[in-house]
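In this chain, residues are counted from 1 in sequence order. Just so it is clear, the values below take in all heavy atoms, side chains as well, and ignore hydrogens, waters and symmetry mates. Counting starts at 1 for both ligands and their atoms, following the listed order. All figures in this text were calculated on a predicted structure; none of them were measured in a lab.
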Amino acid sequence: KPRAVNVANFPTANERSLHSECNIVLLGCRGVGKSALTVKFLTRRFISEYDPFLEDTYTSEEVVDQQPVLVRIMDTADQDGPVNPERYLHWANVFLVVYSIDNKQSFERCCQYLDIISQYNRGALHECPVLLLGNKLDMERYRQVSKADGSGLASRHGCLFREISACLDFRLVQQIFHDAIQEVRRD
Ligand code: GDP
Ligand code: MG
């Protein structure tokens with residue numbers, strides 16, 4: 001027997017936006033800097049050594065465009081390509097797919113994640129936005145992936161593209177996460 005639901009207790013659209021939430025998932029192969037970016041965003045610090053096997057979800061209260069948002073960040077730790085994507089596909093509001101500009105293989109591996117998300121988006125009610133991130137921009141001298149290759153891959157998958165470094169300016173890292181939240185709000 002269905003239970004009566006008192007609609008008066010539901011938050012109004014305005015209250016919902018005041019208590020809005022955003023689940024962000026970082027994907028990409030091992031060593032590209034997913035944890036470094038996550039920790040930098042959460043603590044403003046660059047941590048050079050982070051357990052490569054540790055997968056965890058963090059929360060942070062942010063204010064983006066004068067609006068508070070509860071951000072949850074899942075810092076995944078796939079060791080060798082995508083496994084069990086079910087754990088994040090339904091949970092995520094937005095994906096950050098990361099490669100390292102000094103590692104061609106990490107760029108090629110991104111395609112696997114982009115394909116999984118594209119396939120998921122085709123069957124979903126709301127498309128989940130994706131940001132493709134070329135990390136380790138401070139390693140310009142050792143660049144193996146051109147900016148044009150990065151933006152080309154992003155446009156083929158209909159996603160945004162940024163190059164970034166987890167060990168340079170905090171505000172640039174913060175802006176990436178805020179861009180992700182703005183993409184979710186745009187939907
Ligand atoms: P994850 O496996 O994707 O979580 O990668 P980590 O965050 O553990 O980083 C892997 C290695 O790359 C570590 O030695 C980090 O210090 C280094 N690293 C991460 N981000 C950057 C960056 O932007 N620039 C440089 N030079 N090194 C980075
Ligand atoms: Mg990690």
*asked:* I want to check something: taking the side chain as every heavy atom from C-beta on, are Val64 and Gln182 in contact at a cut-off of under 4.5 Å?
replied: yes

_ligand 1-proximal atoms of Cys167, by part, heavy-atom distance under 4.0 Å_ = both

*Compare all side-chain heavy atoms of Leu160 with those of Val130 and state whether any distance is below 4.5 angstrom.*
no

*4.5 Å side-chain heavy-atom contact, Ile164 and Leu172*: yes

_When you compare ligand 1 with Ser35, is there at least one nitrogen or oxygen pair between them that comes in under 3.5 angstrom?_
yes

*Could you tell me whether the side chains of Ser100 and Asn135 share a donor-acceptor contact shorter than 3.5 Å?*
no

_What I want to find out is whether Glu163 reaches Arg143 closely enough, with some N-O distance under 4.0 Å, to be called a salt bridge._
yes

*Just jot down the ligand 1 atoms closer than 4.0 angstrom to any heavy atom of Met139, in number order.*
26 (N)

_Close side-chain approach of Thr38 to Tyr50, heavy-atom, < 4.5 Å_ = no

*What is the ring orientation for Phe41 with His178, classed by angle as parallel under 30°, tilted 30 to 60°, or perpendicular over 60°?*
perpendicular

With a cut-off of 3.5 Å and sequence neighbours excluded, list every side-chain donor-acceptor pair involving residues 77-84.
unit_1, atom_1, unit_2, atom_2, d
Asp78, OD1, Arg87, NH2, 2.9
Asp78, OD2, Tyr113, OH, 2.6
Gln79, OE1, Arg30, NH1, 2.8
Gln79, NE2, Pro52, O, 3.0
Gln79, NE2, Ala77, O, 3.0

_I'd like to check which ligand 1 atoms, numbered from 1 as shown, lie under 4.0 Å from a non-hydrogen atom of Arg30._
2 (O)

*Distance filter under 2.8 Å, centred on the Mg ion (ligand 2) - protein N, O or S atoms that pass it*: Ser35 OG

_Any nitrogen or oxygen of Ala36 lying under 3.5 Å from a nitrogen or oxygen in ligand 1? Just yes or no._
yes

*Can you tell me if CZ on Phe170 sees more than 12 non-hydrogen neighbours from other groups inside 6.0 Å?*
yes

*Identify which of Asp102, Leu26, Asp138 has a heavy atom lying nearest to atom 24 (N) of ligand 1.*
Asp138

*asked:* Using heavy-atom distances only, which candidate in Gly33, Pro52, Ala77 approaches atom 9 (O) of ligand 1 most closely?
replied: Gly33

*For atom 18 (N) of ligand 1, find the nearest protein heavy atom and state the residue, atom name and distance (0.1 Å precision).*
Lys136 CE, 3.7 Å

*With a cut-off of 6.0 Å (strictly less than), are more than 12 heavy atoms of other residues, nucleotides or ligands near CD of Gln119?*
no

*Kindly assign one of parallel, tilted or perpendicular to the pair Phe95 and Tyr88, based on the angle between their ring planes and the thresholds 30° and 60°.*
perpendicular

*Have a look at ligand 1 and work out which part of Asn135, if any, has a heavy atom under 4.0 Å from it: side chain, backbone, both or neither.*
side chain

_Within ligand 1, which atoms have a heavy atom of Ser165 less than 4.0 Å away?_
23 (O)

_Heavy-atom closest contact (Val173 atom, Ser165 atom, distance)_ = CG2-O, 3.5 Å

*Which residue supplies the protein heavy atom nearest to atom 16 (O) of ligand 1, what is that atom called, and how far is it?*
Ser48 O, 2.6 Å

*Would you mind checking which non-hydrogen protein atom is closest to atom 23 (O) of ligand 1, with the distance to 0.1 Å?*
Ala166 N, 2.8 Å

*If we only count N/O pairs under 3.5 Å, is Gly31 in contact with ligand 1?*
yes

